[in-house]
Amino acid sequence: MKSIAIFIERRNQKICSVGLELLSETKRLLKDSDNQIVALYLTDKKTDEDINRLETCGADKIITYVDPQFQTYDTLIYTKGLENIIKTNDFDVLLLGSTLIGRDLGPRLSARVHTGLTADATLLEFEQTEERLNLLATRPALGGNLFATIICPDHKPQMATIRPGVFSIEVFDNHKAEKVIFEEKILIKSKVEILSKKVNETAYVDLTKAKLIIAGGRGVATMFPTLKEIALLTGGEVAASRAVVDQNIEPKDRQVGQTGVTVRPSVYVASGISGAIQHMSGMDKSEMIIAINTDPNALIFNVADISIIADANKVLPLLKEEIQLIKHQL
Ligand SMILES: Cc1cc2nc3c(=O)[nH]c(=O)nc-3n(C[C@H](O)[C@H](O)[C@H](O)COP(=O)(O)OP(=O)(O)OC[C@H]3O[C@@H](n4cnc5c(N)ncnc54)[C@H](O)[C@@H]3O)c2cc1C
């Protein structure tokens with residue numbers, strides 16, 4: 001039996017969705033094998049609610065490591081915590097979210113335990129041989145012009161960070177996990193003293209949670225006020241292509257794609273977006289894609305469920321009026 005460990009990231013005392021996404025995807029990929037999926041839950045305070053979520057999202061074993069120093073993320077403390085667990089467990093694979101925390105923790109940890117790390121993967125596969133469970137992690141390479149599948153054949157655990165929002169969270173009813181408490185003390189102290197915390201209120205948006213995304217590209221660069229009104233009327237979120245973000249029309253946290261956010265909403269409306277591979281890799285798993293473009297050969301139409309060949313500068317105001325009318329009648 002091989003084991004795949006997944007780091008469960010927490011922020012503001014809550015489990016982040018990326019850890020649950022990784023549990024669910026690994027469970028789906030390995031459903032017919034006897035390999036073990038292990039959730040690494042580092043926390044200052046264990047809660048039954050957290051344990052239940054990890055269990056139902058696919059963890060076969062949950063290793064809980066409680067220490068007051070795990071309250072807020074700290075590079076040294078978390079690296080030491082994971083190193084302690086890795087050194088007493090023979091994990092074959094270790095996965096982390098490609099978040100600010102995972103991108104900080106992953107490389108440091110891989111150097112500490114002398115193994116390889118594939119950063120920013122967008123696809124995971126496993127290959128079972130008699131001796132090994134190989135992780136095949138695929139990520140965009142050479143400026144997004146090709147996808148590279150990377151393996152780490154000689155070292156363990158084989159590590160990868162995976163972008164949030166790439167996989168969906170699944171609930172496996174009645175799934176049960178073995179629960180273990182990791183007892184070793186963290187013998188180092190943080191070198192960081194937090195004097196105060198200030199939440200940045202400036203409209204940070206988490207597009208990965210949006211059910212409806214109204215996205216615009218260079219073709220509708222002047223139409224963002226209308227896109228925002230439509231989003232407000234429909235309860236959606238506005239997103240943009242990099243061409244728009246590079247022109248400072250929308251902030252970076254609204255950029256969808258390879259160097260932005262990966263999303264999979266119920267509906268993604270793409271107006272004036274050509275459909276470059278770097279954009280589509282961030283949205284092509286949306287449940288329904290509606291594309292509006294003047295160019296009938298635009299690549300975005302290859303992934304669209306509904307294709308509207310038209311001038312979005314004319315369609316969007318009409319769409320807004322229609323929605324206003326429907327809302328008025330309700
Ligand atoms: C390493 C790397 C990483 C990248 N990462 C990202 C990323 O994360 N996200 C991203 O988006 N891009 C990314 N890019 C850039 C990407 O390659 C494209 O350049 C970008 O996505 C193009 O944006 P766009 O579709 O808005 O603009 P364009 O390609 O210029 O397309 C504009 C579209 O609007 C249409 N149009 C024009 N007028 C109208 C109208 N009136 N009505 C309707 N349609 C109209 C045109 O037909 C065209 O299809 C990256 C590039 C590189 C090299």
Side-chain angles (χ1 to χ4, degrees), residues 18 97-100 102-103 118-123 138-148 150 161-166 204-208 210 213-231 236-265 267-286 289-322:
V18 68
S98 189
T99 58
L100 282 178
R103 285 175 177 176
T118 304
D120 265 357
T122 52
L123 177 74
T138 301
R139 54 152 298 155
L142 293 179
N145 289 313
L146 57 86
F147 284 89
I150 299 169
T161 59
I162 296 91
R163 302 177 57 153
V166 174
Y204 170 79
V205 59
D206 185 358
L207 286 177
T208 62
I213 292 184
I214 313 288
R218 202 191 319 260
V220 294
T222 57
M223 293 295 287
F224 272 80
T226 309
L227 290 175
K228 282 176 190 166
E229 284 178 86
I230 294 173
E237 287 290 351
V238 167
S241 71
R242 179 160 148 183
V244 168
V245 172
D246 285 350
Q247 289 178 61
N248 290 325
I249 295 168
E250 282 300 306
K252 175 84 181 153
D253 62 13
R254 302 238 174 215
Q255 181 184 316
V256 168
Q258 184 189 316
T259 41
V261 193
T262 303
V263 297
R264 47 187 317 149
V267 181
Y268 189 92
V269 184
S271 306
I273 295 178
S274 57
I277 177 115
Q278 294 91 353
H279 185 83
M280 294 212 284
S281 66
M283 46 67 75
D284 62 358
K285 293 197 181 69
S286 304
I289 297 169
I290 303 171
I292 311 171
N293 202 303
T294 42
D295 176 4
N297 298 316
L299 291 173
I300 194 77
F301 289 140
N302 293 345
V303 296
D305 300 285
I306 298 177
S307 302
I308 303 171
I309 302 166
D311 180 351
N313 295 307
K314 291 187 181 142
V315 173
L316 291 171
L318 290 174
L319 180 65
K320 188 187 90 182
E321 274 173 33
E322 200 63 30

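Just follow the structure's listing: the first ligand is 1, and inside any ligand the first atom is 1.
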- Message: As a quick check of understanding, evaluate side-chain contact (heavy atoms from CB on, under 4.5 Å) for His279 and Leu299, giving each step before the final call.
- Response: CA-CA 11 Å; His279 185 83; Leu299 291 173; over 6 Å; no

Give the single entry among [options] that approaches [atom] most closely by any heavy atom.
| atom | options | result |
| --- | --- | --- |
| atom 46 (C) of ligand 1 | Leu299, Leu316, Asp295, Asn293 | Asn293 |
| atom 15 (C) of ligand 1 | Arg242, Lys314, His279, Lys252 | Arg242 |
| atom 30 (O) of ligand 1 | Gln258, Arg218, Met283 | Arg218 |
| atom 22 (C) of ligand 1 | Ala141, Ala243, Ala215 | Ala243 |

Out of all atoms in ligand 1, which are within 4.0 Å of some heavy atom of [X]? Include the element for each.
| X | value |
| --- | --- |
| Gly217 | 26 (O) |
| Gly260 | 8 (O) |
| Gly257 | 7 (C), 8 (O), 9 (N) |
| Thr259 | 3 (C), 4 (C), 5 (N), 6 (C), 7 (C), 8 (O) |
| Asp311 | 40 (C), 41 (N), 42 (N) |
| Gly219 | 32 (C), 34 (O), 36 (N), 37 (C), 38 (N), 39 (C), 40 (C), 41 (N), 45 (C) |
| Val256 | 7 (C), 8 (O), 9 (N), 10 (C), 11 (O) |
| Ala276 | 16 (C), 17 (O), 18 (C), 21 (O) |

- Query: Are any non-hydrogen side-chain atoms of Asp120 and Gln258 less than 4.5 angstrom apart?
  - Reply: no

- Message: What I'd like to find out is whether the side chain of Met223 reaches to under 4.5 Å of the side chain of Pro317, using heavy atoms alone.
- Response: yes

- Query: Is the closest N or O pair between Val220 and ligand 1 shorter than 3.5 Å?
  - Reply: no

- Is there a nitrogen or oxygen of Gly272 sitting under 3.5 Å from a nitrogen or oxygen of ligand 1? yes

- Task: Carefully, step by step, assess Thr259 and Lys252 under the rule side-chain contact (heavy atoms from CB on, under 4.5 Å).
- Result: CA-CA 9 Å; Thr259 41; Lys252 175 84 181 153; 4.2 Å; yes

From [X] [atom1] over to [Y] [atom2], what is the distance, rounded to the nearest 0.5 angstrom?
| X | Y | atom1 | atom2 | result |
| --- | --- | --- | --- | --- |
| Thr226 | Asn313 | OG1 | CG | 8.5 Å |
| Arg139 | Arg163 | CZ | CZ | 9.5 Å |
| Ile277 | Phe147 | CD1 | CZ | 4.5 Å |

- Side chains of Asp295 and Asn293: do they bring a donor and an acceptor to under 3.5 Å? no

- Out of curiosity, is Val244 lining ligand 1, as in a heavy atom under 4.0 Å away? no

- Task: Decide whether the shortest distance between a heavy atom of Ala310 and an atom of ligand 1 is less than 4.0 Å.
- Result: yes

